[in-house]
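For reference, the structure is listed below as structure tokens.
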Amino acid sequence: MQDYIIYAVQVVLVPVMSPLLVGIINKLKAKIQRRQGPSIFQQYRNIWKLLHKDEVISSDASWITRVAPYLIFAVTVVVGISIPLFSSALTLPTGEILTVVYLLAIGTFFMALLGMDAGGAFGGFGSSREVTVSALAEGVLIFSFLPLVLIAGSTNLSNIVQTVAANYSYSIAPIILAFSGFMVALLAETKRFPFDNPDTHLELTMIHEAMIIECSGKRLAMMEWAAANKLFIFSALAVTMFFPIGVAADLSTVSIIVGIVSLLVKVLLVGVFIAILESTIAKFRIFKLPDLLLTAFIINIVALGLML
Amino acid sequence: MLDMIVSPVSLGLLFAFFGVGMVGSLLLRKKDEIANAWSNVWVVLGSIWGMLLALGVLINGSTISSQLQFSTFTQLSMNVQVDRLSAFFILIISLVALFASIYGMGYVKEYYKKYSIGAFGFFYNAFIFGMLLVVTASNGLLFMFAWEIMSLASYFLVIFDKDNRDSIKSGYLYFIMTHIGAMFILFAIFLLYKYTGSFDFTVIKQQFSTIPQLVQYSVIGLTFVGLGVKAGIIPFHVWLPSAHPAAPSHVSGLMSGVMIKTAIYMMVRFYLDMFSPIPVGFGIVVLIIGAISAVLGVLYSLTEHDIKRLLAYSSIENIGIILLAIGSALIFSALGYHDLMLFALVAALLHSLNHALFKSLLFFGSGSIIQSTHSRNIEKYGGLIKAMPLTAVLFLVGSMSIAALPPFNGFMSEWLTFQSLFGGVQIHSGYVVWVFVFGAGILALVSGLSLAAFVGAFGSTFLARPRSENAKHAKESSGWMIAGMTGLAVLCLAAGVWSGEIVSKVKEVASAVTSTDFSLSLPNVGTSAISDVAGKATISAPLILILSIGTVAVIWLLVRYGVYSKQRVRVDKTWDCGTDLNGRMEITDSSFAHSLIRIFKRVLRPTNQYDVVAEDKPINKYALPKSRTILLDIKDVYYGYIYMPIYKAILAFSQYIKAIQSGSVNLYVLYMFAILIITLVVGV
């Protein structure tokens with residue numbers, strides 16, 4: 001019985017907690033800008049509101065627009081189930097680095113198609129930028145995991161969490177370096193500063209918001225929620241993979257509760273980091289982004305060099 | 001039953017099917033419909049027979065071999081042998097040929113009354129015949145003979161659209177390049193003959209280690225260049241992007257999906273079966289060349305607006321990925337990591353199969369689009385998903401497979417390739433590790449870029465609004481064509497979902513080729529999952545499929561009916577900022593890829609030409625020009641830096657050598673005499 005509850009928690013944790021993470025980031029950003037800001041639960045209200053709205057779909061759009069939002073959301077849920085969140089004892093065969101990266105690529109693929117589907121001038125450019133950034137970020141993402149793969153000797157995520165926890169002091173420098181590389185990939189993949197501005201639809205800054213410009217109602221809710229899920233997934237990966245402190249190694253009640261609490265605290269720290277980052281730096285020009293990603297890639301190579 | 005299929009007689013029967021197809025098409029050339037039906041029916045029958053034969057060998061594990069000796073030409077023995085590796089490639093050829101012919105039933109109709117369908121049928125059958133003979137020949141001379149049948153037949157298929165000057169030109173380039181490649185291989189085979197005294201592959205295999213090292217290295221180098229030309233590795237690829245698109249689409253699919261794989265077959269046969277030991281340096285060279293081909297191939301495919309050239313460049317990319325795996329296998333074999341070698345070889349073979357499936361599907365899809373829009377230019381498409389819904393779905397399946405999205409087949413073989421490169425990173429052998437790091441980095445970049453290329457291709461072909469009159473009036477293609485594509489699309493999904501079982505069969509192929517114990521690697525391979533060498537990381541395609549479909553269904557039901565089920569969906573115009581949206585306002589393929597092209601401008605060398613035509617009589621200096629043209633193009637660095645210098649050098653050398661051509665017969669006799677004397681002196 002207890003096992004079923006733990007599995008159920010694993011399944012719903014990402015979609016349930018992700019709007020809160022976005023809400024906290026928005027609240028913090030508002031506070032830093034000396035604004036009151038919306039409540040940290042505002043994202044839940046937004047999604048609930050959008051789910052109760054009628055929809056308008058473009059007459060130029062095809063079934064891609066109708067299917068893609070559900071598919072993109074579902075992919076984030078599947079990835080959320082697959083990755084180790086609070087316990088490394090829960091394993092699915094999909095909890096594997098390349099599978100996770102390529103499952104998320106399904107989301108990128110259909111999101112880019114969705115952007116082009118309505119035939120507006122904005123959506124297509126969003127798609128073009130999306131595939132540009134994610135094509136370059138994919139290498140950074142995979143390579144930031146590679147030092148961990150070397151420690152664990154496999155690409156299985158649970159396996160990595162267990163071995164990294166055991167060998168922590170032995171390879172702390174490469175882990176920190178790879179973590180900083182991963183954070184750049186996180187910002188690129190979740191379309192935060194300095195890659196994209198998640199708050200606006202302004203023409204010059206937008207990637208994600210441009211692609212979903214034609215969405216409304218339930219489909220918009222799905223897209224917003226999927227973006228929040230993706231942010232939560234990447235934050236959770238960042239903290240459980242690189243800093244597996246507190247991650248439960250078994251399914252006993254105490255360690256699970258410790259695991260969940262430590263996960264939420266650590267993800268909150270990532271959220272604070274993002275909020276501070278977004279309040280202190282400006283968005284980069286799009287053609288500066290490859291330099292940033294290349295730097296992150298080289299950091300990963302250095303981390304790898306320390307391991308070899 | 002199995003023994004009956006796995007016999008020399010049935011192998012002979014396989015070739016007979018295509019022989020009947022060849023001769024019959026020529027005899028029936030007066031009636032286009034009958035000639036087309038005849039040639040395709042025999043290919044279909046032959047392919048089904050080929051599949052049975054290949055499956056028989058793969059299941060049974062026995063080898064078919066037969067010899068036919070001529071008394072006059074003692075060296076040219078008709079020595080054919082079908083072992084597991086040959087059978088695997090016979091399976092690839094047969095699978096694609098089967099669906100190509102079903103597709104061809106509909107597609108060739110376009111050429112009725114225009115060109116000779118009988119001749120087409122002849123060369124089409126001869127082409128497949130040649131490919132089958134290449135993968136079964138076990139004698140150097142017979143192999144060269146088969147290689148030429150394949151090359152010449154495909155040359156005639158490339159120039160089939162003979163009223164089009166471009167295809168004649170492409171065919172000519174193909175003809176030259178393929179023969180330069182063949183010369184390299186022929187030279188290597190003669191070298192082997194000189195030192196082993198036989199053209200027979202089994203004899204060469206036994207005696208390879210006894211021949212001098214320098215000769216070994218030359219043979220390896222020569223064959224790699226020769227096969228590389230056929231495989232289309234960069235920089236020998238120049239013929240590929242022009243020749244593959246010039247042929248009718250189902251032949252393009254066969255050429256890109258299957259013909260270039262015969263070069264991969266020969267590489268596996270030569271380097272992992274016959275030639276041993278292979279120096280570690282050669283493996284590194286193969287891996288690095290594979291990496292370069294992969295990344296340049298995908299970058300050039302991003303820049304293309306011609307849908308078939310895009311697909312052809314993406315074939316270069318995929319050959320690069322296969323070479324990454326083969327290169328790793330060679331390095332592992334040289335360093336003695338047998339389990340990793342087996343793993344990498346499985347990755348290479350599986351990607352050969354998968355690429356054959358999705359690339360021919362995509363070429364068939366492009367053929368359907370071209371037939372209904374009469375253009376190969378993606379800029380002239382748009383919105384075809386409404387006119388051609390089935391083609392769109394099938395093309396989407398192909399695009400998802402090639403972009404390596406789970407659970408389609410492309411993901412599985414890319415996963416294996418990644419894992420073998422990661423395995424290489426984990427070996428403790430100094431600098432070699434960095435070669436694998438390089439390979440893995442390139443593969444990660446390449447898979448991201450190929451996703452970009454195919455989002456662009458699918459999106460600007462099928463989505464949004466039509467950008468030309470022809471695209472507006474496009475129609476869905478005929479039933480035969482849809483049937484051919486559907487078969488391949490189903491196989492793309494099936495080969496992904498059942499990849500566990502396929503891998504366990506491919507593993508037997510790989511271990512038979514390299515004569516290693518196949519219990520070495522992939523310990524946990526079951527029916528539903530593949531695992532890495534250490535057995536810790538596994539992927540299970542059925543699970544991914546069920547999980548994804550299940551989650552989508554649950555979420556859709558919950559959101560659609562669980563929350564506010566009275567929701568209304570209204571269809572209205574796209575938000576247009578107050579203007580009238582037309583086809584020119586949506587994103588096109590060139591603008592889609594433009595930011596990536598700018599990022600890689602050091603490699604791609606994009607050129608922008610501005611051409612401004614001023615008003616005849618400028619009223620003042622601010623007068624607007626009459627017209628502006630901007631030409632965005634990519635500089636062809638290979639012509640500029642590699643092929644033109646060679647061409648100029650040959651020309652200059654010919655000018656120089658012209659001096660001895662006086663036209664006097666006496667002088668020529670003197671030359672012959674001098675050569676004779678020199679030959680005798682050198683010979684003695």
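Numbers restart at 1 for each chain; the letters A, B, ... are given by sequence-line order, proteins then strands. All heavy atoms count here, side chains included; hydrogens, waters and symmetry mates do not. Predicted model, so just to flag it, every value in this text is computed and none were measured.
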Quick one: what part of [X] sits under 4.5 Å from any heavy atom of chain B, side chain, backbone, both or neither?
| X | result |
| --- | --- |
| A/Asp117 | both |
| A/Ile142 | side chain |
| A/Ala105 | both |
| A/Ser134 | neither |
| A/Ile64 | side chain |
| A/Met307 | neither |
| A/Thr65 | neither |
| A/Phe287 | side chain |
| A/Ala152 | backbone |

Tell me the residues of residues 292-304 of chain A whose non-hydrogen atoms fall below 4.5 Å from those of chain B, in number order.
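Within residues 292-304 of chain A, the residues that come under 4.5 Å of chain B (heavy atoms only) are A/Phe297, A/Ile301, A/Leu304.
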For [X], which atoms come within 4.5 Å of any heavy atom of chain A: side chain, backbone, both, or neither?
| X | value |
| --- | --- |
| B/Leu547 | both |
| B/Phe592 | both |
| B/Phe600 | side chain |
| B/Val433 | side chain |

Using the rule side-chain hydrogen bond (donor to acceptor under 3.5 Å, both in side chains), only one of B/Arg570, B/Lys566, B/Arg568 pairs with A/Asp54; which is it?
B/Arg568
Please determine, among B/Ser591, B/Ala593, B/Ser548, B/Ala404, the option with the most heavy-atom pairs under 4.5 Å with chain A.
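Most heavy-atom pairs within the cutoff with chain A belong to B/Ala404.
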Just list the side-chain donor-acceptor pairs under 3.5 Å for residues 72-83 of chain A, sequence neighbours left out, or say none.
residue: A/Thr76; atom: OG1; partner: A/Phe73; partner atom: O; Å: 2.6
residue: A/Thr76; atom: OG1; partner: A/Asn229; partner atom: ND2; Å: 3.1
residue: A/Ser82; atom: OG; partner: A/Val78; partner atom: O; Å: 2.7
residue: A/Ser82; atom: OG; partner: A/Thr94; partner atom: OG1; Å: 2.8

Show the nearest heavy-atom pair for residues [X] and [Y], with the distance to one decimal.
| X | Y | value |
| --- | --- | --- |
| B/Arg560 | A/Lys218 | O-NZ, 3.3 Å |
| A/Ser62 | B/Leu463 | OG-CD2, 3.7 Å |
| A/Ile106 | B/Pro406 | CD1-O, 3.2 Å |
| B/Lys573 | A/Ser59 | CA-OG, 4.0 Å |
| B/Leu396 | A/Trp63 | CD2-CH2, 3.6 Å |
| B/Lys386 | A/Asp60 | NZ-O, 2.6 Å |

Any chance the side chains of B/Thr574 and A/Glu214 put a donor and an acceptor closer than 3.5 Å?
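Distance-only check fails for B/Thr574 and A/Glu214.
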Could you list the donor-acceptor pairs under 3.5 angstrom formed between side-chain atoms of residues 434-448 of chain B and any protein atom two or more places apart in sequence or on another chain?
residue: B/Ser447; atom: OG; partner: A/Tyr102; partner atom: OH; Å: 2.8
residue: B/Ser447; atom: OG; partner: A/Glu138; partner atom: OE2; Å: 2.6
residue: B/Ser447; atom: OG; partner: B/Leu443; partner atom: O; Å: 3.4
residue: B/Ser447; atom: OG; partner: B/Ala444; partner atom: O; Å: 3.1

Answer key: most heavy-atom pairs under 4.5 Å with chain B among A/Gly139, A/Ala112, A/Ser154 is A/Ser154
By salt bridge (Lys or Arg N to Asp or Glu O under 4.0 Å) - contacts of B/Asp589 (at least two apart)
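None.
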